[in-house]
Structures are given as C-alpha cells and as structure tokens.
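Bear in mind that the values here come from a model prediction, so they are computed numbers and not experimental data. We number each residue from 1, following the sequence as shown.
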Amino acid sequence: MLAHRARFLWLWIVCCGAGCALAQTVLPRLPAGIAYDAAGNLYLADAARNALYESTLAGELLLVAGGNAQGFGGDGGPATAALLNQPQAVAVAADGTLYLADTANQRVRSIDTAGLVHTVAGSGVAGFSGDGGAATQARVRNPVALATMPDGSLLIADAGNHRIRRLQAGTLTTFAGNGEEGFGGDGGPATNALLDTPEGVAVTADGRVLIADSHNHRLRVVSTDGTISTLAGTGQRGYAGDGGAAVLAKLSLPRGVAVLPDGRIVFADADNQRLRVVATDGTISTLVGSGVQGDAGEGSGASLATVNSVHGVAISPVNGAAAFADSSNRVVRALLEDQKVFNAASMNSGAATTVSLQQQGSEVAVQVQGNAGTPVGAIQVSENGVVLAAGTLRAGAASIALQGLSVGTHSLVALFPGDGFNPAASSLPVGFVVTDRRATVTTMSLPGMSYQGLPLTLVATVSSASGTPTGTVTFLDGSSVLATSPLSGSVASTVVLAPVLGTHVISASYSGDTNFLPSSTNAQSVNILAAPSFTLTVHGSDSMTVAAGTPAGFQFDVAGSGGAFTGAVSLSVAGLPSGTLGTFSPAEVIPGAGSSLVTLTIPTAQLLSVVAGRELFVLGLLVPLVCLSHKRRAQGRLVFPVFLCCFLLSACGCGARTLQESTPAKSYTLTVTATGTDLLGAIVSRNATIRLSVR
C-alpha cells in the first residue's frame, strides 16, 4: 500500500515538459467519509463501490481496500482482496494506520502500513453490547464516522445506537450518549446525554470532541471535563442564522465535521446543500454552497457553488483547504484560497499543471501554474534524476539557490509533486550555466604549544558559501613546506612527527580547483617545548641517627619540571642492611605541575636483635670459666658456683646495656630512586642520597 507514496517520481518521468493530465479509469460512485494523511494524500470511503480509495498529491486515484463484491472477508490478508459492505468513514492514525467504518458489516476495520486488513471493533452482528470488554466481541449498529484522539484512541459514531464510542487498547466504551434516541443532557456528563443518529465526529486541537447530532439538527461539543453542550443549531430543522450566533441557527441533517487550522469549525449541512462554518467567536456562516442542489462544475465561486448531499469533511495539511465529499455528485471537492471550488485532481480529467524553470544568477526561478487555483507545496530541482535542491512555492513561484555545481552547463529539471488538486508535473530541461569560480575561506586549528618528540597534528578546513571545494592544502612553517595534503569533505590534515624545539609560524594555503578560488589562513604560532620531567629532593634533613629498634623516617619532594608531569612516579631505596625493608607512603605519586611529598619509613628492630645476640655470646663464654674454677670441689658444695653463675648472668645483662650504649653507631648510605614514564614514553629516573646511623 505504501509503494504508491513514491509514484510521483514516475509521474515526473512520463509527464511531458509542458505538464500532464492524468487519465482516470475508475471514479468513485458514492464518496462518503474522507480523511487526509500527514503528507496530504486524501482517502475516501466509497459506499457504493464497497471500496476505500486514495487520491494522491500527484493526482492518481488508487484502490486501497475492497472494490470487490459486497460482503465480508479478507481479515489478515491484503486489503485490496478484502470484501467490504457500504463503508462510510475513514480516519488516519499518526502512525499511518487507516481505520475504516465498514458500516453494513457492523464493524470497524484497520489497514496497517503493510496493507493488511483486520477487524478492530464489532462482531458483525448489529446491536449494542460489549462496553468494557474486547472490542471485537462487542456489537455496534451502523458505524458511520471516525476520528482519532491525541492519545491514539479512536472515536466511533455508532449512529444506530445513538452513541459515540471509544476504542482504546482493544477495549470499547461509550464516550457520549446513553443509547436513548432523542435530545437532552446539555450541561451534564456526555455519557448521560441523549443523541439522535450522530453521523460526524472530530477532535479540536485543545481536545474537545465535536459531534454532528444529525437528526437533532445540532452540532454538539464535549469539553475536556466530559460535559456536553450545543455549539450550533436550535434543533429546528431548516436553514437560518448566518451572521448570527450559531446556537440560534437552523441546520438540516449535519454530517461530517472538521477543524480548520485557524480554529474555525467546518461541517456539512447536508440537506441545506451547504458547507457551513462556526467561527471562534461563535458566529455561523456559509463557507460553500448556494443552497441549490446541483453540480457546480470546476471553478465555481464559493457562494455560487451547487452541491448535492455533502457528507464527509477534511482539512488538507498542504494548503489548509476544506475538502468535502459531494456524495451525489460522485466527487471530492475543496474550497481553495482563491475562494473557488475545485475537484480533486484524481477526479478531474481536465486537471493539468505547467512548470517552468529559468536561471537567475546562481539561483533558479520556478513558476507553477494549474487549473485549480494557485498550486502550493514543495518544488524540487534535479539533474539526471538526482535532486539538487528543494523549496516551497509562494504564490505559485519559488527561487532556489544551487550549491556545488561545477563550472560548465547543467541540464536541470524542476519537479512539482502535486498538491492534490493540481497534479504532478515537471519542467522541460533547462541549461544552467556556471562560469565563475566561487570564493573560499581556509581556516586552521593548532594547539598553542606542544612538546618535542610528540607528533603535531595540523588541520585545515576549506569552506564556500556554495558547494564543497576539492584540491589540496599546503602547510608551511614560515616559508618551508611541511606537507601538501588532499581535501576530504572540506578538510585536509597532516602530522609533523618530530617537531623541533622553538617557536614555529604555521600557515595553510588552499590551491583552488576548477570551481573554487584559492585562499590561505593567517599565520599562527606554536611553541615546541621539551617534554616535562620531574625532580627528586630530600625534604628536610638528609641524615638521621636512631637507636636500634626505633624506626627512621625521611621525606622527599617529587615535583614536575618543565611542565606538568602526568606519569606515575614510584620510589625505591637501596643500601639498607640485609633483612631490612623500607616503605614509601604513598607508594607512587603523579606530581603534575606541582609537588608531592613522599615519606620513607625504615624499621630498625632487626638491627636490635643483631646487637643483643653479640652481647649474649660474650656472657656465654664467662659462665663455663667460673664453673671450671670450682670443678675439684665436692658435689655437695656446688651451690655456690651455681649461684655465682646466675649472678654473673644478671650482671652481664646490665653490662650488655652498658655495652650497647657505649658501642659506636653503625652508618648506612642509602640511595633513593624515583622512576616514571614521560609523555614520550621514555623512562625517567632521579636519585637522592640519605645517611642513616643506628646505635
């Protein structure tokens, strides 16, 4: 179903240079409900042909669904193979889904964007049931009008049940009307009101719901709080009241209803053979129709037009025109901005459009003329089937600037996709000559500084007000050429792998090409500096004497040098006594451009155990000597030597302390090394020497 959306491209190919008129082989027999999609294609339900048609912007009339024998069938399959029974309404959802009131089948059906048909409401048996339950199991009676709500739900004018019902998430409920035929309930809840065969429904931009209460000869409105009131009509059938308050006017069988972009409400006053409008101030007037039943023909003035049983109403998103199904005249018409009435292009064998194109400097001027007022909408300019630029028609004309065309002559065609009333057409090919090379601007981005050994990237951009330059850019350091690089998408770049120390004056020069003039940048300076490093210094004293067993602590400053050093710096210490380990806190630092303080802690408990072991060894030699001096004495007299040994051991303990205190301090020269990796990936090491004495 969606493939036809692109068919205007085919039309541009087959249309002759002066324009084209599309011959129609199938015309509607009894158009009833109509609706537009967002692109401006018009859909119409044909009750007599049991079909749904699309009248495209380009002016084609396409079969969308049905068109076969009267009946019911085809759910789940292609809509064009489905059987319909007197469909009277159509609505288009925001996602492109079509909803169709298959009136005599007592169903509402959908056609998805793949072109498949499904039943979404109604069991096929006329009646009333199913509110609050599955919509496909519910009963409806003669659904004749549809409208979509902003939340995606669907309103159904269930005319035979005197209700407006709402389809939402597969469930059917009553929105307005209590099912009793009659008039009543104004000022109260819409669900308590009496309606009589409603045949039209629409939604305003502010969320109000309009109801054509047909056999009550009134136009009614449900506010967003659910309260119903009368908008137009006294309830007395007839024609009167134009120029006055709509609530005091007489109507006769109102049907389709729609809302104009300016907020005015248009409705089909069917038996009065008029299209009438209620202004935002509440006054009513006639928009189209003289009140005489007949067939006006093309181009009739709005007040002189004769129509025959106006039914559905819809507003074109392309030009804001009010379109209406002139049912008994078997056509869809619209009131265009020149206040004349025209048939849709697909239903007008005489419709033709002429497109002309001519060069005006660097722009093309396009003029579009048609039979149905002033053509509106989009216009495109192409070369060899490729669209170069697009514009919007204003008063049937457009000026379009062309960019990027090379010097020489180009064969251009202007394409008009149609507006629904003037069919698609294309101009004859016109030679467009480009003679002047276009100006360019070259700019360059550079860092203010970089470091020796790091690659330096140079980037230049060449731009033009019309098109994309090609060619090369030369990068210069003073007068020396660094590199010449090709443009790619307006950008050229190069990399200087090993810039030398110092200040460099860089510029870029675009060479120009067949279509674009040369240009250059201003010179820019960039400073190449040595890669940042770091220093290691002792913070405070570089020597320390501690007693064995007392921890020693030294502090160091690690500072960035020549810029921010962004690598991690770790520290180690060498020269410690065997078995002794030093710890750094923190374990590593990133000095950046500042300084970081690191503390080295050296435990000396291991050194204490070494000293104590040496003193006990001396005492151990003394004890045997004392004992041997008493060897020849009787065993019973050994108490004294033992006592003497214990005394000596005790005394030696005190002596050991005295010995330790008098022992000279042991000194160690330690080397602390800090190691990190610089911006270039090189390893940088720095050393500091400290002296530790342990006594």
Any chance you could measure Leu260, atom CG, to Ile315, atom CD1, to the nearest 0.5 Å? 4.0 Å

Heavy-atom side-chain contact between Leu83 and Gln70 under 4.5 Å: no

Strictly below 4.0 Å, N to O, side chains only: are Asp262 and Arg264 in salt-bridge contact? yes

Kindly compute the distance separating NE2 (His162) from NE2 (His215), expressed to the nearest 0.5 Å. 9.0 Å

Which pair of non-hydrogen atoms, one from Ser327 and one from His311, has the smallest distance, and what is that distance? OG-CB, 3.1 Å

Side chain to side chain, Leu210 and Val203, heavy atoms closer than 4.5 Å: no

State which residue, out of Leu231, Leu219, Leu251, Leu248, fulfils the side-chain contact (heavy atoms from CB on, under 4.5 Å) condition with Ile284. Leu251

Quick one: does any side-chain atom of Asp158 pair with a main-chain N or O of Ile164 as donor and acceptor, under 3.5 Å? no

Does the distance from a Lys or Arg side-chain N to an Asp or Glu carboxylate O, for Arg220 and Asp213, drop under 4.0 Å? yes

Under a 3.5 Å cutoff, is there a donor and acceptor pairing between the side chains of Thr103 and Asn142? no

Checking Asp281 side chain against Thr283 main chain: does a donor-acceptor pair fall under 3.5 Å? yes

Any sub-3.5 Å donor-acceptor pair from Asp326's side-chain atoms to Asn308's backbone N or O? yes

Is there a side-chain contact between Leu100 and Leu98 (heavy atoms, below 4.5 Å)? no

Are the side chain of Asp102 and the backbone of Leu84 linked by a donor-acceptor contact shorter than 3.5 Å? no

Donor-acceptor contact present, side-chain Ser110 to main-chain Asp112, <3.5 Å: no

Side-chain donor/acceptor of Asn50 to backbone N/O of Pro87, under 3.5 Å: no

Tightest non-hydrogen contact, residues Ser309 and Gln273, listed as N-OE1, 2.8 Å

Under 3.5 Å, is there a donor on one side chain and an acceptor on the other for Ser252 and Asn272? no

Phe267 six-ring face occupied by Arg255 cation (under 6.0 Å, within 45°): no

Consider only side-chain N and O atoms of Thr230 and Asp186, and report whether a donor and an acceptor are under 3.5 Å apart. yes

Search all heavy atoms of Pro143 against all heavy atoms of Ala101 and return the closest pair with its distance. O-CB, 3.6 Å

Indicate yes or no for a side-chain donor-acceptor contact from Asn319 to the backbone of Ala321 under 3.5 Å, with no hydrogens or angles considered. yes

Would you confirm whether Asp46, through its side chain, and Leu30, through its main-chain N or O, come within 3.5 Å as a donor-acceptor pair? yes

Nearest 0.5 Å, what's the CZ-CG distance between Phe416 and Leu57? 8.0 Å

Identify which one of Thr174, Thr173, Thr191 satisfies the side chain to side chain donor-acceptor pair (under 3.5 Å) criterion when paired with Arg163. Thr174

Pairwise side-chain contact, His118 with Leu116, heavy-atom cut-off 4.5 Å (strictly under): yes

Mind listing the closest non-hydrogen atom pair of Gln88 and Ala45 along with its distance? C-CB, 4.0 Å

Can a side-chain donor-acceptor contact be found between Asp151 and Gln168 if the only test is distance below 3.5 angstrom? yes

Which heavy atom in Asn422 sits nearest to a heavy atom in Thr374, and how many Å separate them? ND2-C, 4.3 Å

Do we see a donor-acceptor contact under 3.5 Å between the side chains of Arg208 and Ser223? no

Less than 4.5 Å apart, side chain to side chain, heavy atoms only: is that true for Ile156 and Val144? no

Is a side-chain donor or acceptor of Thr56 paired with a backbone partner of Glu60 at a separation under 3.5 angstrom? yes

Looking at Asp131 and Arg165, is any side-chain nitrogen of the basic one under 4.0 Å from a carboxylate oxygen of the acidic one? yes

Residues Gly370 and Pro375: closest non-hydrogen pair is N-CG, 3.6 Å

Between Arg274 and Asp269, is a salt bridge (charged side-chain N to carboxylate O under 4.0 Å, His left out) present by the stated rule, with each step listed? CA-CA 5 Å; Arg274 286 178 165 89; Asp269 197 357; over 6 Å; no

Has the side chain of His217 got a donor or acceptor atom that lies under 3.5 Å from a matching backbone atom of Gly235? no

Between Asn348 and Glu298, a side-chain donor and acceptor under 3.5 Å: yes

Measure from NZ or CZ of Arg218 to the centre of the six-membered ring of Phe183, then state whether that distance is under 6.0 Å and the direction lies within 45° of the axis. yes

Are the charged groups of Asp295 and Arg330 less than 4.0 angstrom apart, N to O? no

